[in-house]
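In what follows, a structure is listed as C-alpha cells, so that the remarks can point back to it.
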Amino acid sequence: QVQLVESGGGLVQAGGSLKLSCAASGRTFSSYAMGWFRQAPGKERESVAAISWSGGSTLYADSVKGRFTISRDNAKNTVYLQMNSLKPEDTAVYYCSLRVGVATLRGTLYNYWGQGTQVTVSS
C-alpha cells in the first residue's frame with residue numbers, strides 16, 4: 001500500500017500564492033517520480049507538473065510555466081507545488097501522484113494517486 005496525502009489547498013484571491021504538499025507513506029521504492037494534476041468540475045483531468053526522483057528533471061504544463069514550481073524532499077517523501085500569480089482558471093482539485101519511472105506529464109503512466117486538495121481562486 002502506498003498512501004499519498006495532499007495538503008495546503010484553500011481559497012485565495014487572484015494574484016495570490018499557495019503551496020501544496022504531498023506526503024507519501026507506506027510502501028517505499030528505490031526511486032520514483034511524482035507529479036501534480038488537477039481537475040475542475042465538468043472537465044477532464046489535466047497535467048500540471050512533474051519531477052524526477054533526483055529533482056533534476058521538471059516538467060510543466062504550458063498553462064502554469066513561470067508561475068508554478070515543483071520540488072521535492074526525498075528525506076520527507078514529500079513533493080511540493082508552489083503556486084504563484086494564481087488565476088481563477090487554476091481553480092480545481094489538485095492531485096499528486098507517484099510512479100516508478102521517469103517524470104512525465106502523462107497521467108495514465110502514474111501508479112498511485114492521492115485524494116486531492118481543493119484550490120479555489122477568486123476573481
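Not measured: the values here are computed from a predicted model.
Heavy atoms only, all atoms of each residue included: S97 and Y110 are closest at OG-CB, 2.9 Å. Closest of all the heavy-atom pairs between A33 and G101 is CB-O, 3.4 Å. Summarising the geometry of F37 relative to G107, their closest heavy-atom pair is CE2-CA, 3.5 Å, with the distance given to 0.1 Å.
Between W36 and F68, a ring centre-to-centre spacing not shorter than 6.0 Å is recorded. No close placement of the Y112 and Y32 rings is indicated, their centers lying 6.0 Å or farther apart.
The disulfide (SG to SG under 2.5 Å) pairs that include a residue from residues 83-123 are C22-C96, where partners are two or more places apart or lie in different chains. Pairs engaging residues 67-80 under the salt bridge (charged side-chain N to carboxylate O under 4.0 Å, His left out) rule: R67-D90 [sequence neighbours left out].
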Practice task
Go through the steps to decide whether K19 and Y80 satisfy the test side-chain contact (heavy atoms from CB on, under 4.5 Å), and finish with yes or no.
Solution key: CA-CA 7 Å; K19 187 173 184 178; Y80 305 95; 3.8 Å; yes

Exercise for the section: Could you walk me through whether V119 and T91 pass side-chain contact (heavy atoms from CB on, under 4.5 Å), step by step? Expected result: CA-CA 5 Å; V119 172; T91 295; 5.9 Å; no

Exercise for the section: Give the C-alpha distance, both sets of side-chain angles, the deciding distance and a yes or no for side-chain contact (heavy atoms from CB on, under 4.5 Å) between V79 and I70. Expected result: CA-CA 7 Å; V79 64; I70 188 170; 3.8 Å; yes

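When each of L20, T69, V48, V12 is checked for a side chain to side chain contact (heavy atoms under 4.5 Å, CB included) with M83, only L20 meets the rule. Screening N74, T78, L4 against M34 for a side chain to side chain contact (heavy atoms under 4.5 Å, CB included) leaves a single residue, L4.
Between the T117 side chain and the G9 main chain, a donor and an acceptor come within less than 3.5 Å of each other. Judged by distance alone, with hydrogens and angles left aside, the side-chain atoms of R99 form a donor-acceptor pair with the main-chain N or O of L109 at under 3.5 Å. One N or O on the side chain of E6 and one on the backbone of Q115 form a donor-acceptor pair closer than 3.5 Å. No donor-acceptor distance shorter than 3.5 angstrom exists from the side chain of S47 to the backbone of A61, with no hydrogens or angles considered.
Counting only heavy atoms from C-beta outward, the side chains of Y95 and R38 never approach each other to under 4.5 Å. Two residues are said to be in side-chain contact when any heavy atoms from C-beta on lie closer than 4.5 Å; S17 and Q82 meet this criterion.
Linking ILVMFWY residues whenever their side-chain heavy atoms come closer than 4.5 Å, directly or via other members, places L98 and L81 in the same cluster. Hydrophobic clustering (side-chain heavy atoms under 4.5 Å, transitive across Ile, Leu, Val, Met, Phe, Trp, Tyr) keeps W113 apart from Y94. V100 is connected to W53 through a chain of hydrophobic side-chain contacts under 4.5 Å among Ile, Leu, Val, Met, Phe, Trp and Tyr, so both are in one cluster.
The salt bridge (charged side-chain N to carboxylate O under 4.0 Å, His left out) search around K65 returns D62, not counting sequence neighbours.
Here the CG-OG distance, from L86 to S123, works out to 13.0 Å after rounding to the nearest 0.5 Å. Atom-to-atom distance recorded for I51:CD1 and S57:OG is 8.5 Å, nearest 0.5 angstrom. Taking CD from E46 and CG from L105, the interatomic distance works out to 11.0 Å, rounded to the nearest 0.5 Å.
Within a 6.0 Å radius of CD in Q118, other residues, nucleotides and ligands contribute more than 12 heavy atoms.
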